[in-house]
There are 2 protein chains.
Amino acid sequence: MSVTHTEVTAEPAELEPCGQQHHPDCGIRDVLDRVGDKWSVLVIVELAGGPRRFRQLQRAIDGISQRMLTLTVRRLERDGLALRTVYPTVPAQVDYRLTETGASLTHLVKALADWSLEHRAHIARARETYDSEHPDNEIR
Amino acid sequence: MSVTHTEVTAEPAELEPCGQQHHPDCGIRDVLDRVGDKWSVLVIVELAGGPRRFRQLQRAIDGISQRMLTLTVRRLERDGLALRTVYPTVPAQVDYRLTETGASLTHLVKALADWSLEHRAHIARARETYDSEHPDNEIR
DNA sequence: CAGGATCCAGGCAGATACTG
DNA sequence: CAGTATCTGCCTGGATCCTG
């Protein structure tokens, strides 16, 4: 079977077992669900700048509803990525900060952010090209 | 204002402007939406092992519906992260492979996967602890 | 201020059936 | 095999009101 139209540099050859990343039982999934979550990442980035109060986070993040912020910080706390501290002041005051584990994630998130900035333009061009070549495509 | 109950190592102090990551116009968001997507990551990891055909991906990923796989690879193609090659064989044959850009993402994804594996146990314990301390909590 | 409790629309994603 | 098309459940996430 030869390929007529498109040049093909490599045929389906190298099928290395891949370093166990996607084995069901290894479950990077649940962690990725947390990291991949839109709001979680933004909260982590914000907390990377130091402890923040609830309203402070809400104002900083812009677009997040109070409900989503609540859920997000709860989940981060549950996963041991963030620490919630309640100050017994008269108007209740709470702040959130990253734990050791959470802080270790920061580097990855930053790396991701850096990557985004680096390839942002390229991706934008790719999208335009694709969209102009597939005008009727509904894919977002 | 002193804190009575919990020890506090650092009060709300350092508010460094944070390196522009979350500025709305910098929009790491749309990129993160792609990277953060559950299926996208898994497809990227799989493609990191070399070119894959459609069914091959579907079988490898386990749990993904054909619809979701279609949408996912379409989006990756649109973003210039994956390349789709059609072979004019009699039963149509298509394979997907990562582009340069897509491949550059691999390292980050692997880093994320490594991080997951590293902190997996810790997170699991944190969740158990949290859940036992908050039995009535509905947070997943 | 920090969040709990509801109500509700929209979109994501699964199941199914059909095509080239 | 590699998709497209459609129907639909349901879960996410926003808006709103209320409490400690």
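These values consider heavy atoms only, across backbone and side chains, with no hydrogens, waters or symmetry-generated copies. In the text below, chain A, chain B and the rest are named by the order of the sequence lines, each starting its count at 1. Everything numeric here is computed off the predicted structure, so don't read it as measured data.
Of the candidates B/Val109, B/Ile61, B/Thr106, B/Leu112, B/Val109 is the only one forming a side chain to side chain contact (heavy atoms under 4.5 Å, CB included) with B/Val45.
Distance, B/Tyr96 OH to D/dA2 P: 8 Å, rounded to whole Å. Here C/dA13 presents its P atom at 10 Å from CD1 of B/Ile64, a figure rounded to the nearest Å. Between the CD atom of A/Gln58 and the P atom of C/dA2 there is a distance of 9 Å, given to the nearest Å. For B/Arg67 and C/dA17, the CZ to P distance is 17 Å, given to the nearest whole Å. In this structure, NE2 of B/His134 is placed 14 Å from C1' of C/dG3, rounded to the nearest angstrom. Residue B/Glu77 contributes atom CD, which lies 14 Å from atom C1' of D/dA2 at whole-angstrom precision. In this structure, A/Arg59 places its CZ atom 6 Å from P of C/dC1, rounding to the nearest Å. In this structure, B/Arg52 places its CZ atom 17 Å from C1' of D/dC1, rounding to the nearest Å.
OP1 or OP2 of C/dA2 has at least one side-chain nitrogen or oxygen of A/Arg53 nearer than 4.0 Å. OP1 or OP2 of D/dT4 lies within a sub-4.0 Å distance of a side-chain N or O belonging to B/Arg74.
In the set D/dG14, C/dG14, D/dG3, the nucleotide with an atom closest to the side chain of A/Met68 is D/dG14. For B/Gln93, the listed nucleotide lying nearest its side chain is D/dA2; candidates were C/dC1, D/dA2, D/dT4. With D/dA2, D/dG20, C/dG14 as the choices, the nucleotide that has an atom nearest any side-chain atom of B/Phe54 turns out to be D/dA2.
Separation of atoms CD1 (A/Ile64) and CG (A/Leu69) is listed at 4.5 Å; rounding is to 0.5 Å. In this structure, CG on A/Leu76 lies 11.5 Å from CG on A/Leu83, to the nearest 0.5 angstrom. Between atom CD of residue B/Glu46 and atom CZ of residue B/Arg59 there is a gap of 11.0 Å, rounded to the nearest 0.5 Å.
The base of C/dA2 lies outside donor-acceptor range of the side chain of A/Arg55, with no N or O pair under 3.5 Å. For a distance-only test at 3.5 Å, the side chain of A/Gln66 qualifies as a donor-acceptor partner of the base of C/dG4.
Residue-to-nucleotide proximity on DNA chain D shows that, of A/Pro91 and A/Lys38, the 5′-proximal contact is made by A/Lys38.
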**Q.** Worked check of salt bridge (Lys or Arg N to Asp or Glu O under 4.0 Å) between A/Arg52 and A/Asp95
**A.** CA-CA 5 Å; A/Arg52 296 283 190 275; A/Asp95 78 18; over 6 Å; no

